[in-house]
Amino acid sequence: MNGGGTDAGDRGADRVVAGDAGEDERRLEAALRPKHLDEFVGQQRVREQLDLMLGSARLRDRAADHVLLSGPPGLGKTTLAMIVAAEMNAPLRISSGPAIQNAGDLAAILSSLTEGEVLFLDEVHRMSRPAEEMLYMAMEDFRVDIVVGKGAGATSIPLELPPFTLVGATTRAGLLPGPLRDRFGFTGHLEFYSTEELELVLRRSALLLDMDVTSAGFAQIASRSRGTPRIANRLLRRVRDWALVKGLTTVDAEAAGRALHMYDVDERGLDRLDRAVLNALCTVFDGGPVGLSTLAMAVGEETETVETVAEPFLIREGLVGRTPRGRVALPGAWEHLGLPAPERG
Ligand SMILES: Nc1ncnc2c1ncn2[C@@H]1O[C@H](COP(=O)(O)OP(=O)(O)OP(=O)(O)O)[C@@H](O)[C@H]1O
Ligand SMILES: [Mg+2]
């Protein structure tokens with residue numbers, strides 16, 4: 001029950017470079033998920049801090065402090081939540097903000113936790129207001145007030161909870177209300193991975209998938225993976241399909257490059273939609289500024305899809321800029337498309 005991402009993100013999930021996983025992908029992902037902290041690649045600071053915190057909790061024989069993990073899709077938030085439970089040798093309960101419609105839903109979960117249990121709440125920024133307030137008290141005092149009855153006859157019954165560890169994940173830390181954020185004893189922000197780190201992720205996955213890939217082959221896939229392990233693993237599986245059908249036993253840089261070209265993933269990790277957006281921006285709108293909805297219409301996509309699926313990466317890559325008057329192409333955009341940049345007055 002790993003409800004990841006927004007609707008637009010899910011719609012983009014059929015894209016080979018989508019940040020969010022579809023249903024089948026999630027099953028495959030589970031198999032490649034690192035189970036322990038020392039298998040988790042990169043994010044050195046977060047890893048070291050988490051290691052200390054969990055080590056201390058183990059020595060004191062206490063439930064670990066609540067942990068908040070934030071960062072873009074596919075960087076390892078769910079993976080780390082599972083690792084927290086594994087490292088604490090504690091059972092793991094999984095739910096998500098959108099699944100908790102009202103305070104009663106949350107009360108049911110909280111009241112059934114056992115001592116030391118790890119409760120993972122994905123998309124914790126999407127919880128309802130009353131549930132959120134109940135969570136404040138549960139996190140701080142390990143106690144909830146259960147309201148029984150309605151109107152004037154309503155009474156509230158206090159309920160003690162066993163100490164537990166909440167692990168919250170969010171792709172939008174900015175949307176988290178201050179009081180909730182403050183109740184997490186540890187906050188880890190996950191950053192995009194370097195190409196070298198993604199190569200390590202890929203090496204580990206290739207071993208599990210029983211694939212033979214050269215160092216240059218790994219580098220080729222890593223550099224097209226948008227700094228995201230989920231995408232790296234997905235591209236690796238597509239390369240495996242291609243190699244299998246072509247009868248290749250070893251994947252080198254050229255094979256990886258040709259395979260990914262087949263799937264419309266270019267050498268910088270842009271796919272067909274990203275390039276369509278860039279192309280429209282540079283050629284139809286002369287580099288902009290152009291409004292997002294107009295731009296989306298030009299490429300025949302929903303505004304939300306362009307905004308959540310294509311744009312963040314194009315902005316991060318310095319190809320597109322956002323101004324008060326709309327989106328603009330930056331000089332790198334023309335260069336990437338192999339077009340001459342227009343003269344600017
Ligand atoms: N540091 C890492 N080392 C190795 N593999 C990783 C790492 N981080 C993520 N992965 C791989 O990437 C996949 C996606 O990670 P995960 O599901 O934890 O991302 P997420 O941050 O929870 O994304 P979302 O916001 O969409 O829920 C996992 O299946 C895992 O195999
Ligand atoms: Mg997740």
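Indexing begins at 1, ligand by ligand and atom by atom, following the structure's order. Atom set for the values below is all heavy atoms of this structure, side chains included, hydrogens, waters and symmetry mates excluded. Remember, predicted model here, so these are calculated numbers, not experimental data.
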*Search all heavy atoms of L339 against all heavy atoms of C282 and return the closest pair with its distance.*
CD1-CB, 4.5 Å
*Do you know the tightest heavy-atom contact between A310 and V277?*
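Closest heavy-atom pair between A310 and V277: CB-CG2, 4.3 Å.
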Enumerate the atoms of ligand 1 whose separation from the nearest heavy atom of [X] is less than 4.0 angstrom.
X    : answer
T171 : 25 (O)
G76  : 8 (N), 9 (C), 15 (O), 16 (P), 18 (O), 19 (O), 20 (P), 21 (O)
T79  : 15 (O), 16 (P), 18 (O), 28 (C), 30 (C)
Y193 : 1 (N), 2 (C), 7 (C), 8 (N)
L32  : 31 (O)
T78  : 17 (O), 18 (O), 20 (P), 22 (O), 27 (O)
V41  : 1 (N), 2 (C), 3 (N)
N233 : 11 (C), 31 (O)

What about [X]: any of its N or O atoms under 3.5 Å from an N or O on ligand 1?
X    : value
G74  : yes
E39  : no
R230 : yes

*Pair listing, ring pair (Phe, Tyr, Trp, His ring centres under 6.0 Å) test, anchored in residues 222-253, at least two apart*: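 Counting only pairs at least two positions apart or across chains, no ring pair (Phe, Tyr, Trp, His ring centres under 6.0 Å) contact touches residues 222-253.
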_Audit row: H336, D266, side-chain contact (heavy atoms from CB on, under 4.5 Å) steps and yes/no_ = CA-CA 10 Å; H336 187 73; D266 72 19; 2.7 Å; yes
*asked:* Are P34 and T79 packed together at the side-chain level, in the sense that at least one heavy-atom pair is separated by less than 4.5 angstrom?
replied: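 They are in side-chain contact.
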*What do you reckon, does Q43 put a non-hydrogen atom under 4.0 Å from ligand 1?*
no
*Between R45 and E191, is there a side-chain N and carboxylate O pair less than 4.0 Å apart?*
no
*Under the ring pair (Phe, Tyr, Trp, His ring centres under 6.0 Å) rule, collect the residues that match up with H66, sequence neighbours excluded.*
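Result, ring pair (Phe, Tyr, Trp, His ring centres under 6.0 Å) vs H66: F142, F164.
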_Between D212 and T250, do the side chains contain a donor N or O and an acceptor N or O under 3.5 Å apart?_
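Per modelled atom types, T250 and D212 side chains form a pair under 3.5 Å.
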*With no hydrogens and no angle check, do the side chains of S215 and R203 hold a donor and an acceptor under 3.5 Å apart?*
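R203 and S215 do have a side-chain donor-acceptor pair below 3.5 Å.
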_Any N/O/S atom, side chain or main chain, of T78 closer to the Mg ion (ligand 2) than 2.8 Å?_
yes
*Which bit of P73 is near ligand 1, meaning a heavy atom under 4.0 Å away: side chain, backbone, both or neither?*
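Both the backbone and the side chain of P73 come within reach of ligand 1.
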